[in-house]
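Following: one structure in structure tokens, then a few remarks.
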Amino acid sequence: MIEIVQDILQLPKLAYAIRNFPKSFFDRNFKLTATEKRYINTPYLPLKATWLGELNTKTINVPIIENEDYSYTRIPVFIIQFSAEHWETDLEKICTLYHKYIAFPIIIFAHNTEEYILSTATKSINKNDKTKRVLEQQFTTPKISLLLKGEVEMKFRESLQFQNLNRINLKTVYESYTASIVNYRRAKKVGVFELRKETKALNENLNEIQTIEKEARGIKNKLIKTKDIREKVELQMQLGKLRERQSQLEKEL
């Protein structure tokens with residue numbers, strides 16, 4: 001997977017500093033919740049984590065930017081490998097753990113043997129402790145096949161190449177990766193990958209569609225199980241309203 005990620009990112013050679021990243025790092029350096037400790041102590045979760053490298057002024061010749069609200073001085077890149085079982089149940093939790101505790105903006109490539117995802121997040125500086133960050137929002141692609149590459153997937157990969165990033169400063173570099181993630185999510189809905197600037201509004205739109213789809217699945221399951229005619233009618237009305245709202249949102253994509 002290291003070679004695949006290197007091929008996708010096409011970073012300058014100086015940016016790579018490959019080494020194992022033990023999960024004990026979190027337990028040693030942070031006060032974890034009981035649930036987070038349980039994840040860390042779960043055998044083979046993850047199977048392996050690798051620090052691929054880091055984007056900073058020295059490695060990619062792009063200036064830093066920081067103020068009282070945020071800091072973009074380093075962008076570490078991680079590759080996290082999951083078993084098939086944990087890929088389905090714990091992917092989001094582990095990504096959140098990394099984003100929450102590592103103080104820098106980070107890029108995560110997580111994968112199993114057949115699929116991968118890319119994840120970034122926005123963080124602000126904790127006003128009570130400048131060494132800590134407040135995790136604001138995560139951005140994660142749907143699961144992408146490592147085996148099948150359609151036009152959308154190829155254009156998504158192309159957008160991640162170093163030469164195609166906005167390299168004004170490290171913040172714009174990081175935002176380029178986030179924009180690719182959000183626009184890939186859009187592309188899976190509309191069938192065409194193109195980079196749009198208003199990623200925040202677009203991401204909120206996509207998140208609402210995702211919530212609606214989840215609610216609709218729940219209603220459909222209730223429809224299958226219930227035998228009460230009145231309940232069926234009520235559920236059908238709820239489903240109709242959700243579909244109407246989803247159609248409206250999808251027109252705005």
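Computation of the quantities below employed the complete heavy-atom set of this structure, encompassing side-chain atoms and omitting hydrogens, waters and symmetry-equivalent molecules. All residue numbers refer to positions in the sequence shown, counting from 1.
Under the salt bridge (charged side-chain N to carboxylate O under 4.0 Å, His left out) criterion, K189 pairs with E213, not counting sequence neighbours. The ring pair (Phe, Tyr, Trp, His ring centres under 6.0 Å) test applied to F139 returns no partner, not counting sequence neighbours. For E244, there are no side-chain contact (heavy atoms from CB on, under 4.5 Å) partners at least two apart in sequence or on another chain. When the salt bridge (charged side-chain N to carboxylate O under 4.0 Å, His left out) test is applied to K127, the partners found at least two apart in sequence or on another chain are D69. Here Y116 pairs with nothing under the ring pair (Phe, Tyr, Trp, His ring centres under 6.0 Å) rule; sequence neighbours left out. For T33, the side-chain hydrogen bond (donor to acceptor under 3.5 Å, both in side chains) partners are E36, not counting sequence neighbours. Qualifying salt bridge (charged side-chain N to carboxylate O under 4.0 Å, His left out) partners for K188, counting only residues two or more places apart in sequence or in other chains: E153. For the side-chain contact (heavy atoms from CB on, under 4.5 Å) test, no residue two or more places apart in sequence or in another chain qualifies with V192.
Identified under the side-chain hydrogen bond (donor to acceptor under 3.5 Å, both in side chains) test for residues 77-94, with sequence neighbours left out: S83-H86, W87-E115, E88-K143. Among residue pairs with one or both ends in residues 232-253, none qualify as ring pair (Phe, Tyr, Trp, His ring centres under 6.0 Å); sequence neighbours excluded.
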Extract all donor-acceptor atom pairs below 3.5 Å that involve side chains of residues 215-226 and protein atoms in other chains or at least two apart in sequence.
unit_1: N221; atom_1: ND2; unit_2: R217; atom_2: O; d: 3.3
unit_1: T226; atom_1: OG1; unit_2: D228; atom_2: N; d: 3.2
unit_1: T226; atom_1: OG1; unit_2: E231; atom_2: OE1; d: 2.7

Side-chain atoms of residues 40-52: list all donor-acceptor pairs with protein atoms under 3.5 Å, sequence neighbours left out, distances to 0.1 Å.
unit_1: N41; atom_1: ND2; unit_2: K37; atom_2: O; d: 3.0
unit_1: T42; atom_1: OG1; unit_2: R38; atom_2: O; d: 2.7
unit_1: W51; atom_1: NE1; unit_2: G53; atom_2: O; d: 3.3

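Side-chain atoms of Q236 and V233, non-hydrogen and from C-beta on, never get closer than 4.5 Å to each other.
Checking E136 against S124 by side-chain atom types alone, a donor-acceptor pair falls below 3.5 Å.
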